[in-house]
Amino acid sequence: MSVFQRQIIKGSLSNFAGIGLGVLNNIWIFPLAFSLEELGIYRWVERTAVLIAAIALFGLHRMYVRFQSRFSEGQASQFLSNTVFLVACLAIVSGVLFTAFAPWLATLLDVNFQGSQLRALGAVVAGSMTYTLGLSVASSAKRISVPFFFKNVGIRLSLLIGAWMVSQGNATFGFWMQLLAYTHLAVGIVVLIYALKLKGIPLRWPRSLGESMTQELAAFAGSGILMAVMTMSLATIDSQMIASLMSMEALGIYSIAFFIGSFVDGIRRPISQALSPQFANLWNEGNTDAIAKMYARTSRVLMAVAIVSFVVIVPNIDFIFGLIPDPDRFEPAKSVVILILLSRVIDYSFGSNGEILSNGPHFKWNLVAISGLVVAIIGLNLWLIPVYGLDGAGFTLVIAYAIFNTTKAIYLWHKERIQPFGTAQLLLLVIGAITFIVAFLTSGEGIVALLITNAIIAIGLLVGFLTLRSKI
């Protein structure tokens, strides 16, 4: 097993450990400790910080991943030093500004937050920026498991302990928000230091790498700003629009649905992070054959993960929501979970087309495609959320990701003559559909129905594994 494969597996295990803590947090302790409005505030701050951090990074983390393989020895040290210096300065400025001007921002956005709650935004932004650069540097060294562990386990464990204190009356929601903020900041700094030690490259005072190289880096970073803004908008725009078009309470409900529906992201994130520098290196080498093989492999693996998640979660959705304290509050989230899972099946079936496009000569076209997707999501949400409520956000994801991925797949076939699909994906769909239909029809109330449903799911998964293990 290669270092690359081991890091994807370790990163996925870290993510799943974090998901285990996330289940305790989102399914049990958060609903126990917080009101729907407080859950909405937490979701809003977290998602808004991700978007601001992506803007404030100015695409520097993507620039490093894209060009780091082109430098050696002294120039590699200077390139890394320049990148770290710029991101550190931007993180400090962003953290101070969004902390100091939190009350003004609350007035501008017309959100019903206390100043102490919104001041958490500055530290979360700074922590997200340093973490993102640290993860990018670590991925270039094919070491992503430790950063994922710190974020997915460290942060969630801290939040779990804090939420338990709130539920017992030993702390307030404002204290918990501050804990959220400074835990993000600490993790970001630790991950960046770890990544720098991992590279083993001494840092230098920043200076120019030469006019021609600086111009090339600036051009890519410039497009990277828009790329990062659009990419992070995909992860945050639904939260922003639900808060605006509905309420913070609705966003609190949606946060539970999004967590359950995004379970599969525990596999996608480490694969994406590990593949980005690999695709960049292959594009630099002109090795499109290797790119095509990795493209097809990621489609098969990610599609299998998404289908398994859909087949396991949907027939058991009533049981899962029954575990939540006062579950009637979250009843509208059930249908949203199904729609989010369906959007993941569609998105993941097309493999790592985004990583291929964004780390090679087609990065400008990928920017156009992502911009179009963001516009489509905004337009569809404006239309569908007022009509269907939270389900409208789910319908938007399904429609937008179907169009978006089909467009990217057509473009890659037209330009490079590569596509990810084969008989394995067809078999996955058939086995998954049959297993889901039978399991869904047998689902019902009571322990007997639960056992029968999950026995059918287990049999279907076993058949799928035995049939496709050599093809995936």
Side-chain angles (χ1 to χ4, degrees), residues 15 18-19 22 25-26 39-62 87 90-91 93-95 97-99 102 105 109 111 113 117-136 139 147-148 150-152 154-156 158-159 177 179-189 191-192 224-244 248 251-252 254-255 257-259 261-262 265-266 268-270 272-273 276 340 354 358 370-371 373-374 377-378 381 393 397:
N15 259 4
I19 286 173
N25 286 344
N26 288 274
L39 286 173
I41 291 171
Y42 155 61
R43 177 71 180 176
W44 187 92
V45 169
E46 183 189 45
R47 293 293 86 194
T48 301
V50 169
L51 179 59
I52 293 172
I55 297 171
L57 274 168
F58 286 98
L60 293 170
H61 61 300
R62 291 179 179 272
V87 170
L90 291 170
V93 171
S94 299
L97 286 177
F98 284 102
T99 300
L105 182 61
L109 297 174
V111 291
F113 293 175
Q117 295 170 351
L118 197 56
R119 281 194 178 92
L121 189 63
V124 178
V125 168
S128 297
M129 292 174 68
T130 51
Y131 172 81
T132 301
L133 177 62
L135 180 59
S136 296
S139 71
F148 274 114
F150 273 111
K151 182 175 183 180
N152 295 308
I155 291 178
R156 284 173 173 165
S158 174
L159 297 184
M177 289 295 292
L179 179 65
L180 165 75
Y182 293 116
T183 303
H184 270 85
L185 182 60
V187 166
I189 293 171
V191 166
L192 181 57
I225 298 172
L226 293 176
M227 179 74 73
V229 171
M230 295 303 171
T231 301
M232 290 301 103
S233 294
L234 297 178
T236 62
I237 195 66
D238 51 355
S239 297
Q240 306 293 335
M241 297 191 74
I242 289 170
S244 175
M248 280 295 167
L251 181 56
Y254 182 78
S255 68
F258 190 86
F259 170 78
S262 302
D265 292 345
R268 178 65 181 264
R269 290 193 192 101
S272 175
Q273 195 64 47
S276 290
I340 292 174
S358 62
I370 291 179
S371 301
L373 176 60
V374 171
I377 287 178
I378 293 173
N381 274 332
L397 292 176

* Structure fact -> Here the pair of heavy atoms bringing Pro147 nearest to Val191 is CB-CG1, 3.7 Å

* Taking only residues two or more places apart in sequence or in another chain, which ones pass ring-ring contact (aromatic ring centres under 6.0 Å, His included) with Tyr131? -> none

* Check Ala393 against Tyr254 and note the closest heavy-atom contact, atom names and distance. => CB-CE1, 4.0 Å

* Using a 4.5 Å cut-off on heavy atoms from C-beta on, say whether the side chain of Ile377 contacts that of Asp238. => no

* Met248 CE to Ile41 CD1 distance, which is reported to the nearest 0.5 Å -> 6.5 Å

* Asked: Are Leu135 and Phe150 side-chain neighbours, meaning at least one heavy-atom pair lies under 4.5 Å?
  -> no

* Structure fact -> On a heavy-atom basis, the closest approach of Ala126 and Ala91 is CB-O, 3.6 Å

* **Closest heavy-atom pair and its distance - Leu39, Ser255** => CB-OG, 4.5 Å

* Minimum heavy-atom distance Phe98-Gly122, with the two atoms named -> CB-CA, 3.7 Å

* **CD1 on Ile237 to CG on Leu373, rounded to 0.5 Å** => 11.0 Å

* Asked: Can you tell me how far the CG atom of Leu57 sits from the OG1 atom of Thr130, to the nearest 0.5 Å?
  -> 9.0 Å

* Asked: Closest heavy-atom contact between Gln240 and Arg47?
  -> NE2-C, 4.4 Å

* Structure fact -> Those residues at least two apart in sequence (or on a different chain) that pass side-chain contact (heavy atoms from CB on, under 4.5 Å) with Leu90 are Phe58, Leu60, Met129

* Structure fact -> Between Leu121 and the options Thr99, Ile52, Leu97, the side-chain contact (heavy atoms from CB on, under 4.5 Å) test singles out Ile52

* **Working for side chain to side chain contact (heavy atoms under 4.5 Å, CB included), residues Glu46 and Val124** => CA-CA 7 Å; Glu46 183 189 45; Val124 178; 5.8 Å; no

* Side chains of Val87 and His61: does their closest heavy-atom pair fall under 4.5 Å? -> no

* Asked: In Å, rounded to the nearest 0.5 Å, how long is the span from OG1 of Thr48 to CG of Leu51?
  -> 7.0 Å

* Can you check whether Gly154's main-chain N or O pairs, donor with acceptor, with Ser158's side chain at less than 3.5 Å? -> no

* Report yes if the side chains of Phe258 and Ile242 come closer than 4.5 Å at any heavy-atom pair, otherwise no. => no

* Taking the side chain from Ser244 and the backbone from Met241, do they hold a donor-acceptor pair closer than 3.5 Å? -> no

* Structure fact -> Hits for side chain to side chain donor-acceptor pair (under 3.5 Å) against Ser94, two or more places apart or cross-chain, chain-then-number order -> none

* CG on Leu192 to CG on Leu133, rounded to 0.5 Å -> 5.5 Å

* Around Phe259, counting heavy atoms of other residues, nucleotides and ligands shown, do more than 12 lie under 6.0 Å from its CZ? -> yes

